[in-house]
Amino acid sequence: MARLMQRIGNLDRRVIFVLIALSVFLPLSFRIVFPNPVGAEPSRQLYDYVEALPAGSTVLLSFDYDPSTMPELQPMAYAVCQHLFRRDIRIVAMALWPQGASLGQEVLSEVADSLGGEQYVDWCNLGYKTGGGVMIVRLGSSIQAVFPADKDNRPWAEIPMLRDISSLTDFALVISLSAGDPGVPAWVMMAGDRFGVPIGGGCTAVSAPQFYPYLGTGQMVGMMGGLKGAADYESLVREGTEGAPQGQAIEGMAPQSVAHLVIMLLIVVGNISYFAQKRKGGAR
Amino acid sequence: MGRATLPLVILLMACAAAAQPPGTGGREDAAVRLSRVGQLVAEDVPNDAGGVIALGWVLDGEGALPDSLRVVRRTADGNETVLAMLSGGSTSFDDTTASDGTEYSYVIVSLGTGADPVFSGEVTASSSAQWLHSGRIGMLVILAILSFFIFWFIETSRRGRQFYIREIAGLASVEDAVGRATEMGKPVLYIPGIMDMDDIQTIASMVILGRVALKTAEYGSPLLVPTCRSVVMSVAQEVVRESYMQAGRPDTFRREDIQYLTDDQFGYAAGVDGIMVREKPAAIFLLGTFYAESLILAETGRGIGAIQIAGTAMPSQIPFFVAACDYTLIGEELYAASAYLSKEPKLLGSLKGQDAAKLFFIVLIVIGVLAATVGGFWAPMRGVADFLRSLVAVS
Amino acid sequence: MTWEIAGIWAGALLTLCLYSFLYRDNPFYKFAEHLFVGMSAGYWVIYTVENVLKPNWWQMMFPADGSFHWVWIVPGIFALFMLARIVPKVSGLSRMALAMIVGTGSGLAMVSSFQTDALAQVEGTIVSLSAGSAFTIFSNLVLVVGVVTGLVYFFFSKAHTGVTGGAANVGITILMVAFGASFGYTVMARISLLIGQAQFLLFDWLPTIPRLLGMHG
Amino acid sequence: MRLVIPLSITLITGLIMILNYFVPHEPFRFLGDNLQEWYMIVASAAIFLGTINLVQVHVRKIRLKLTNWRYSPVTLVGLVIMLVTGLIYGVVEGAPFDFLFQSMVVPMGATMFSLLAFFVASAAFRAFRASNWRATLLLTSAFLVMLGQVPIGSMLWDKIPLAKVWLMAIPNTAGQRAVMIGAAMGVVATSLRMIFGIERSYLGGSD
C-alpha cells in the first residue's frame, strides 16, 4: 500500500496533463451540459431587475470589450439581448471600446432576427465614441450631442425609437459588458453616482472581485462575473422561457466543472498520499 | 442690411437682451420661441497650464430645442469673435484659445430656423496657470516626508552606522544555488521578466543580475540570460560584463549567452521553455515583471528539477511562483534584494527608510480606523477620519 | 483548398506541435518554437514601425502639410545613440539613451505607483469598525488587520521576533490565504483558454477534413 | 568620469517627470508630455538591436554547427517572411502579413497561453500539500474558491459561493493591498536611488 501511495505522491505530470485534456475535450465533443443551479448570485439580481422592468421601456447596452475577452463576454451579450427582446424592452447599443461596436452589431442583429426585433424600432447601435468617463458625463446632458448619428450614419432624428430619448436619465437601466477600463467603473461613477441611472453589468472573471463592493453599496443592481455569470444568466433566461437556444456559456461550464473536479481530486489524492507516507516514518 | 451693420445689430440686440432679466420671455412674438441658455457659468480650468476657460450652461425648458448654439466671446476693448457653433443639445464648451490674464465675456446665442436668435446672460472670466496641482498637495507632502526618511537613513549609513537586515530565505540561497549548478556542471538561467528598462521591476532585476553574475564569475558556471526586450539585452550584457571584470574573470564572459528572443510574451515563453529543457540549468532565477507566462516558465523549470528563485511585485503572479518555485521574493523583497546581496551601507540605509515609510502608513491607517470607528458615536472623530482620507486622496 | 482552410490547417498543426511539449521536448516542438520566435520577432518589428515609430515620430516630424518640426530630431538623436551599441567604438553613446529611458521610467513609476498602489489602497483601508452588520464589522477587522500585519511582514530592518514577529506571522498567514484564493480563482480563466483552443481544433479544424477528403475522395 | 553625462540625464528626466505630475504650469507640462512620447520612441527604436542579435545568434549557431543548429534556419526564415510581407503588403487587414499573423502567430500564442490549464493542475497537485498549518490555509482557501466557481460547489452547500466571494473580497484584498503598499515603497526608494545616481550599475562600468 505504501509503495502505491509513494508512486501516487510523485505522479508523473503527464498523467495529470492527460486527465486535464480529457476533462476538456470529452464534454465538448459530446456537447454534455450540466445542470447549473443559480443561487442568490449577483447574476440573478440582474435578471430579476430586468424581469421587473416595464415592457416598452428602453435599456442602454454598452459593449466595452474586444475579441480577446469574447469567450466570457459574448455569451453574456447573447443572453441579455434574448432576455430584453423577450420582455419587449428596446435596446440602444453603444461602445466605449473601438471593436465593441461591431461585436454588438453581430449579437443584436443575430438575436433580433431570431426573435423578430426590428432595427431602429426595437434596437439600434450608436457605435463607438472615444472619451470613456468624460464622454459618459456628456451623455448625461444630451446623447444626441455625442451621437448625432448611429453606427451606420443614420441621423438621430430618423430613428423612431430615439424620439423620446434625450439623456441618460431616460433609460430604465444601463448594462455595461466590460473587459476593463473604460468600463463598469466609468459607468458607475459617471452615470450611476452622478445622474442616478441604475447600472447593471457583466465582466470578466478576473475583474469581478473589484466590482463586488459596488453591489454591496447598491451602486450596481446586478452583475454577471465571468463565464459562470454568463451561464447563470443563460440558464435563468432558459428557465423563464422555453425554446431559448442552449447558450455557449452553459456548454463551456461542463468542461470547467469536470476540470475543476479533477484538479480538486488531485489535491485530495496528493494529500492522502503525503499523509500516508508521513505516517510511514517520513519520506524514504 | 449692409454687411457692416450686421454686427451692430447683434450688439444692440445683445444689450437689449442683456438688459432684460433672462427667463421673463419678452417681446419676441416670432412664430417659434427658442429655449434660452440659462445659468451660464464660465471659469478658469483648475490645475492646468492655463489658456483654457470652461463654459457650462443649461437650456431652460420653455422654448423649443435650438438647432444650434453660437458661442460669442468679447474682450474688454469690444472686439467680438464667434468661437464655435455647437449642436442644439450641448451644454458645455471649452475655450482653449484664451490667453492668460485677459478678461473675456461670453454670450451663448440660441439659433433656430424661422426663429429669432435668443441671447443668454453675459458672464466674464479669465484663464490662469497654476503652479501647484491643488488635488495632489497631500500626496506631495507625504512623498516629501518619505523621501526625507530614505535620504536621511542613506546619509546616516554613509557616516558609518551599521543597519540590520532580516534574513530573506530566497536571497540567502542564491550562493548555494549557483554553487550547486557549478558542482553539477550545469548553467545558471536568469530570466529578467518581459518588460522594458522603463519598468522599475526590470531595473531592480538588472541590479540583482549584477550580483548573481559576480557569483557565477567566481564559481565559473555559465550564465544564460534570454531577454524579451532589446534594451534589456544590452543592459544585461553591460551589467554581466562589468561583474565578470570586477570578479577578475573577463576572459570567461560569453556575450552570446545573453541573447534577445522576441518581444512577444508567449513567443518568449516558448523560447525560454526550449532553453530550459535543452540546456537543463540547475538554478533558475525569475526576477522582474511577469504576467500570465510566469507559471509556464516556473512549472517547466520545476519539471527539469532546477532550484528556482522567483521574485516579482505583480500581485496576480505571486501565487503561481509560490506554488511552483522553491523560494519566492514577494513584492518589496524584490527591491530589497540588491541591498541584501551587496550589504552596501547606502542601500541598507534606503531599506531602513522604506521601513520608516511603511511604519508611517501603518500609523496613518490605525489612527484613521480608530477615528472612523469612534466616529460612529462621536461626530468630530469622523471628521478626523475624513481628514486623513482626504490627505491621501488624490484627484 | 482555399486560403482560409490553409490558414486553419497551419494554425492547427502548429497548435499540436506546441502541445507535444507536454509529452517532452521533440523535433515538432523545436520546429514550432523556433518558427514562433522568428515570426513573432518579425511581427513586432513591423508593428513597432507601423504603430509607434511612424505615427508618433515620423509623421510628427514631417506632418502631411509638408512642414518640418525640428523638435522631433531630439528623440531621433537619442534613438541613434541607442542603436550606436552595434558599433563597438561608439557604443558608449547608448548610455545616454539608456539614462533617458531609466530616468523617465523611474520618475513616472514613482508618482503613479505611489498614487495608485500606496495612497489609494491606504485610503480604502481606513474603514469604520462600528458601522454595519456584525459580519461587515468582522470583515473590515480582518481587512485592516490583514493590511497592517502584512506591512509588518515586509519590515526588513527589524528581526521578526517578539511583537513584530507575531504580527509578521499573522501577516504572512493572511497573505497565504490571499494567494490561495487568487490561485483558485484564476483556475477558471486558465481552463477557459484550453476550452477556446479545444473548440478551435474540434469545431473549426476537424470539420475541414471531410470537406478536403470529399474533394479528393 | 565618463558617467557624469548619463547620470545627469537620468536626474533631469526623472525630475521632469515628477515635476510634470505636481506642477501643471507651462514648462513642465510641455517637457513632461513630450518626454513621455520621446522615451517611447527611443525604446521602440531599440527593437532593431534585438532583431540583429537574434540573427547573429542563429547565424553563429549554423556556422559553428552547435546543437540543434538545424532549427535555426526556421527562425531566420520566419523572421524574414514576416519582415518582407510586412514591408511589401503593409499591415492592412486581409493582406498576407495579417493573414500569416492571424493564422500562425495568434494560434501559437493562444496555445502557449492555454498550456497554463495543464500547468495549473500539475502545480496544484504538487504544491498544495498540508505540510504545515500555513500551507494548509493556502490549500483550503484555494480549494474553497475553486469549489465556489463551479455549480457542484453550490449544490453541495449553498454557502460555498458566498465563502468564495468573501475570500476574494476580504483576505485577498487585504493581502494584495499589503503587497501593493510595500511594493510602492520599494518603487519610491528604487526610483530615488536611480534618479539621484546612488544606484548606477545598470550603466555598466568603464568601457
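Below, chains carry the letters A, B, ... as their sequence lines are ordered, and counting in each starts from 1.
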Among [options], which residue forms the greatest number of heavy-atom pairs with chain C at distances under 4.5 Å?
options: G303(B), G376(B), A270(B); result: A270(B)
options: A323(B), G331(B), A393(B), A339(B); result: A393(B)
options: A385(B), A372(B), G375(B), A292(B); result: A372(B)

Spatial distance of atom [atom1] ([X]) from atom [atom2] ([Y]) [nearest 0.5 Å]:
X: I126(C); Y: I367(B); atom1: CD1; atom2: CD1; answer: 9.5 Å
X: F36(C); Y: L261(B); atom1: CZ; atom2: CG; answer: 11.5 Å
X: L370(B); Y: L129(C); atom1: CG; atom2: CG; answer: 8.0 Å
X: L151(C); Y: L359(B); atom1: CG; atom2: CG; answer: 10.0 Å

Structural part of [X] lying under 4.5 Å from a heavy atom of chain B:
X: V152(C); value: both
X: M110(C); value: side chain
X: I101(C); value: both
X: A159(C); value: both

**OP:** Would you indicate whether the side-chain heavy atoms of I168(B) and F156(C) approach each other to under 4.5 Å?
**Re:** yes
Original post:
Should F183(C) and V322(B) count as side-chain neighbours, where that means a heavy-atom distance under 4.5 Å?
Top reply: no
What part of [X] is in contact with chain C, defined as an atom under 4.5 angstrom from a non-hydrogen atom: side chain, backbone, both or neither?
X: A356(B); result: neither
X: L391(B); result: neither
X: I203(B); result: side chain

Original post:
More than 12 foreign heavy atoms under 6.0 Å from CZ of F360(B): is that the case here?
Top reply: yes
Original post:
In terms of heavy-atom pairs under 4.5 Å, which option from V147(C), V102(C), I137(C) contacts chain B the most?
Top reply: V102(C)
Do you know which two heavy atoms are closest between [X] and [Y], and how far apart they sit?
X: V37(C); Y: G271(B); answer: CG2-CA, 4.1 Å
X: M139(B); Y: V111(C); answer: CE-O, 3.3 Å
X: V392(B); Y: L119(C); answer: O-CB, 3.4 Å
X: F361(B); Y: F114(C); answer: CZ-CZ, 3.9 Å

Are there any donor-acceptor pairs closer than 3.5 angstrom between chain C and chain B, and if so, which ones?
| from | atom 1 | to | atom 2 | distance (Å) |
| --- | --- | --- | --- | --- |
| D25(C) | OD1 | R278(B) | NH2 | 3.3 |
| D25(C) | OD2 | R278(B) | NE | 2.9 |
| Y29(C) | OH | A270(B) | O | 2.9 |
| E33(C) | OE1 | R278(B) | NH1 | 2.9 |
| E33(C) | OE1 | R278(B) | NH2 | 2.5 |
| S40(C) | OG | T262(B) | OG1 | 2.9 |
| A41(C) | N | T262(B) | OG1 | 3.3 |
| W44(C) | NE1 | D264(B) | OD1 | 3.2 |
| R85(C) | NH1 | E238(B) | OE1 | 3.2 |
| R85(C) | NH2 | Q237(B) | OE1 | 3.3 |
| R95(C) | NH2 | E238(B) | OE2 | 3.1 |
| I126(C) | O | R389(B) | NE | 3.0 |
| I126(C) | O | R389(B) | NH2 | 2.9 |
| L129(C) | N | T373(B) | OG1 | 3.1 |
| S130(C) | OG | T373(B) | O | 2.9 |
| Y153(C) | O | R166(B) | NH2 | 3.1 |
| Y153(C) | OH | E333(B) | OE2 | 3.1 |
| F154(C) | O | K358(B) | NZ | 3.3 |
| F155(C) | O | R166(B) | NE | 2.7 |
| F156(C) | N | D355(B) | OD1 | 3.2 |
| F156(C) | N | D355(B) | OD2 | 2.8 |
| F156(C) | O | R166(B) | N | 2.8 |
| S157(C) | N | D355(B) | OD2 | 2.5 |
| S157(C) | OG | D355(B) | OD2 | 2.5 |
| H160(C) | NE2 | R166(B) | NE | 3.2 |

Original post:
Partners of V90(C) by side-chain contact (heavy atoms from CB on, under 4.5 Å), sequence neighbours excluded?
Top reply: A84(C), V87(C), L93(C)
